[in-house]
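Have a look at the structure below, then the notes.
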There are 2 protein chains.
Amino acid sequence: MTAPVRRGRPRSENADVRILEAAHELLVERGYDRFAMDEVAARAAVAKTTLYRRWPTKDHLLVALVAKIQDEVSVADTGDIRRDLSVYLTAVATGLDRMRRVGRDLTGEEDRSAGVVAELVAAAARHPDVGDVVRNLFARRNALPLALLDRARERGALAPGTSSEVLFDQLAGALYYRLLVTGAPIGADYVEELVGQVLAGTGATRHPERT
Amino acid sequence: MTAPVRRGRPRSENADVRILEAAHELLVERGYDRFAMDEVAARAAVAKTTLYRRWPTKDHLLVALVAKIQDEVSVADTGDIRRDLSVYLTAVATGLDRMRRVGRDLTGEEDRSAGVVAELVAAAARHPDVGDVVRNLFARRNALPLALLDRARERGALAPGTSSEVLFDQLAGALYYRLLVTGAPIGADYVEELVGQVLAGTGATRHPERT
DNA sequence: ATATTTACGCAACGGTAGTAGCGTAAATGG
DNA sequence: CCATTTACGCTACTACCGTTGCGTAAATAT
C-alpha cells in the first residue's frame with residue numbers, strides 16, 4: 001500500500017515520534033490554550049519549521065494528536081438495548097469529563113484551562129479541513145452504537161419508524177449540550193433518565209427480548 | 001439601584017458605545033478569529049488600554065457583545081405542543097445558522113472563518129467567568145420554551161413522569177450536536193422528525209388538547 | 001561522481017493578545 | 001484651592017503563532 005519511493009530526503013520518523021510525544025505531554029500538562037508550539041519544538045529537540053512542515057497550524061497538530069490517542073469506547077450488545085445504551089453513554093460521559101479536565105490537574109493556578117472538547121469544536125469551525133478530520137473521528141466513534149440501535153430495531157425492540165440517527169442525536173446531543181453549553185452535571189442518574197425518556201417513545205421493551 | 005457615586009474620573013459612556021459599535025462591525029465583517037483588538041481600538045478612536053480596562057480579554061469583550069445583541073426567540077403557546085416546538089426550534093436553527101456564517105459573507109477569501117457559537121463555547125471553557133455569562137445567557141434564552149413544556153405537562157399533554165429539562169436537552173442538544181460536532185444539516189424536515197420522535201414517548205397527543 | 005529534490009536547523013520577521021509605566025484629564029472630598 | 005482618586009492616551013514591552021530566507025544534510029536519478 002505504501003512504497004511511494006519519494007525523491008528527496010525522507011521525513012524523519014524519529015522526529016514524528018518525538019514531536020507527538022512532546023505534544024502529548026504538553027497537552028496533558030497545560031491544556032489546549034496554554035499549549036505552545038515553541039515549547040513542543042524545544043522538547044522534541046526540533047526546529048519549529050519542522051513542526052509547520054507537518055501540520056500547518058497548532059489546531060491541526062492537536063486534532064491529529066487527539067485523533068491518534070482517542071480511546072475507543074466499546075459497545076456491548078446484550079440484547080437489552082436500554083442497559084447497553086446506559087453503559088455506553090456512561091462510558092462516553094466519563095471520557096468526556098476526563099477530556100474536559102485535561103490540563104487542570106497539575107496546576108494549582110487560576111483555572112484558565114482548556115476544555116479540549118470545546119477547543120476541538122472551535123478548531124473544526126475555524127478550518128474546514130480540521131472539520132473534516134473531526135467529523136470523520138466522530139463518524140468512526142459513533143459507528144458501533146449506531147449499529148447497536150439498528151440491530152435493536154431489526155429485532156423489533158424499537159418501533160420500525162424510528163430513525164437511529166435521530167435517536168443517537170438525542171442521546172449524544174444531550175450529553176454534549178450539557179458538557180459544552182449549560183455545564184450541567186452528567187451523572188449516572190442523568191444518563192439513566194435520559195435513556196429511559198428517549199426509549200420511551202420507541203416501543204423499547206422494558207425487559208430484553210431475544211432474537 | 002445605581003447611583004454609586006464613585007470617586008475618581010468616571011468611565012466615558014461615549015467610549016463604551018463607540019467600542020461596542022466598532023466591535024459589532026468588526027465581528028460581522030471578519031468573524032471571531034480574525035477579530036483584532038488593535039483594530040477595535042483604532043476604529044473606536046480609543047487606546048487599547050481602555051479596552052482592557054473594561055474587558056480583561058478578547059473573549060470577555062465578544063461574549064459581552066453577543067450577550068447584548070442576541071435576539072430573543074419568541075415562543076408561541078397555541079396548545080399544540082408539537083407544532084409550537086417545531087416552530088420554536090426552527091427559529092433557533094435559523095438563528096444558529098446565521099451565527100455560524102458570521103464573518104463569511106463579505107470575504108471571498110479562503111474560508112477560515114469563525115463559527116461564533118463554537119468560539120463562544122470554547123471561550124466559556126477557557127475562562128470560568130465567561131462560562132458563567134454564557135450559561136446565564138442560555139438559561140434566560142431557554143426559560144420560555146421550558147415553561148412551555150411545563151405547561152404542556154400540567155395540562156396533561158405530556159406524561160407526568162417526563163422531565164422538561166431532559167426533554168429540552170434532547171431537543172436543543174440534537175441541534176447543537178449537529179451544528180458543532182457532526183456538521184449535519186438542520187432542515188425543517190429534520191426538526192419535524194426530531195420533535196416527533198422526542199414527543200413520541202411522552203404521550204403527547206397528535207392533535208392539540210384544550211385546557 | 002554530479003545534479004536534483006526534499007528535509008532540516010537557524011535566525012529573523014510581522015501580526016496579535018495582553019501588560020507595564022507614565023504623564024495628563026476629570027471627577028470627588030476637604 | 002488643593003489633594004486624592006480613577007480614567008485616559010501613549011509608548012514600549014513580552015509571549016506566542018505562523019512565515020521567510022538561507023545554508024546544509026540526506027535521499028534519488030543519470
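Lettering of chains follows the sequences in order, A, B, ..., and the numbering in each one begins at 1.
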Check: More than 12 non-hydrogen atoms from neighbouring residues, nucleotides or ligands closer than 6.0 Å to NE2 on B/His60, yes or no?
Finding: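 Count over threshold, so yes.
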Notebook entry, point to check: Is the backbone of B/Pro185 close enough, under 3.5 Å, to the side chain of B/Arg178 for a donor and an acceptor to pair up by distance?
Noted result: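 Yes; at least one donor-acceptor contact below 3.5 Å.
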Margin query: Between A/Lys58 (side chain only) and A/Phe35 (backbone N and O only), is there a donor and an acceptor less than 3.5 Å apart?
Written below: yes
Measure the distance from [atom1] on [X] to [atom2] on [N] and round it to the nearest whole Å.
X: B/Tyr32; N: C/dA17; atom1: OH; atom2: C1'; answer: 12 Å
X: A/Trp55; N: D/dC17; atom1: CH2; atom2: P; answer: 15 Å
X: B/His60; N: C/dA17; atom1: NE2; atom2: P; answer: 15 Å
X: A/Arg30; N: D/dA15; atom1: CZ; atom2: P; answer: 13 Å
X: A/Arg126; N: D/dG18; atom1: CZ; atom2: C1'; answer: 14 Å
X: A/Leu61; N: D/dC16; atom1: CG; atom2: C1'; answer: 15 Å
X: B/Lys58; N: D/dC17; atom1: NZ; atom2: C1'; answer: 12 Å
X: B/Asn14; N: D/dC8; atom1: CG; atom2: P; answer: 11 Å

Please list each protein N or O that sits under 3.5 Å from an N or O in nucleotides 19-27 of chain D, with the distance.
residue, atom, partner, partner atom, Å
D/dA25, N3, A/Arg9, NH1, 3.3

Next item on the list: Check the pair B/Asp59, B/Tyr32 against side chain to side chain donor-acceptor pair (under 3.5 Å), reporting the backbone distance first and the verdict last.
Entry: CA-CA 9 Å; B/Asp59 284 332; B/Tyr32 202 108; 2.7 Å; yes
Check: What pairs with A/Arg54 under side chain to side chain donor-acceptor pair (under 3.5 Å), at least two apart in sequence or on another chain?
Finding: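 Scan of A/Arg54 (side chain to side chain donor-acceptor pair (under 3.5 Å), adjacent residues dropped) gives A/Asp16.
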Note to self: Taking only side-chain N and O atoms of B/Arg54, does any of them lie within less than 4.0 angstrom of OP1 or OP2 on C/dG18?
What the structure shows: no
Next item on the list: Identify, with sequence neighbours excluded, every residue that meets side chain to side chain contact (heavy atoms under 4.5 Å, CB included) alongside B/Thr162.
Entry: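 Per chain and number, B/Thr162 pairs via side chain to side chain contact (heavy atoms under 4.5 Å, CB included) with A/Gln197, B/Arg153, B/Leu158, B/Ala159, B/Thr202.
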Next item on the list: Taking side chain to side chain contact (heavy atoms under 4.5 Å, CB included) as the test, write out the residues that go with B/Ala64, two or more places apart.
Entry: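 Partners of B/Ala64 by the side chain to side chain contact (heavy atoms under 4.5 Å, CB included) criterion, ordered by chain and then number, come out as B/Trp55.
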Notebook entry, point to check: 5'-most contact on DNA chain C: A/Ala45 or B/Ala36, nearest heavy atom basis?
Noted result: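 On the 5' side of the pair lies A/Ala45.
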Checklist line | Pair B/Glu21 + B/Arg43, salt bridge at N-O below 4.0 Å | finding: no
Side-chain donor-acceptor pairs under 3.5 Å in residues 137-148 of chain B, sequence neighbours left out?
residue, atom, partner, partner atom, Å
B/Arg140, NE, B/Asn136, OD1, 3.4
B/Arg141, NH1, B/Gln70, OE1, 2.7
B/Asn142, ND2, A/Tyr177, OH, 3.0
B/Asn142, ND2, B/Phe138, O, 3.2

Check: Where along residues 16-24 of chain A does a heavy atom fall under 4.0 Å from DNA chain D?
Finding: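 When residues 16-24 of chain A is checked for heavy atoms under 4.0 Å from DNA chain D, there are no hits whatsoever.
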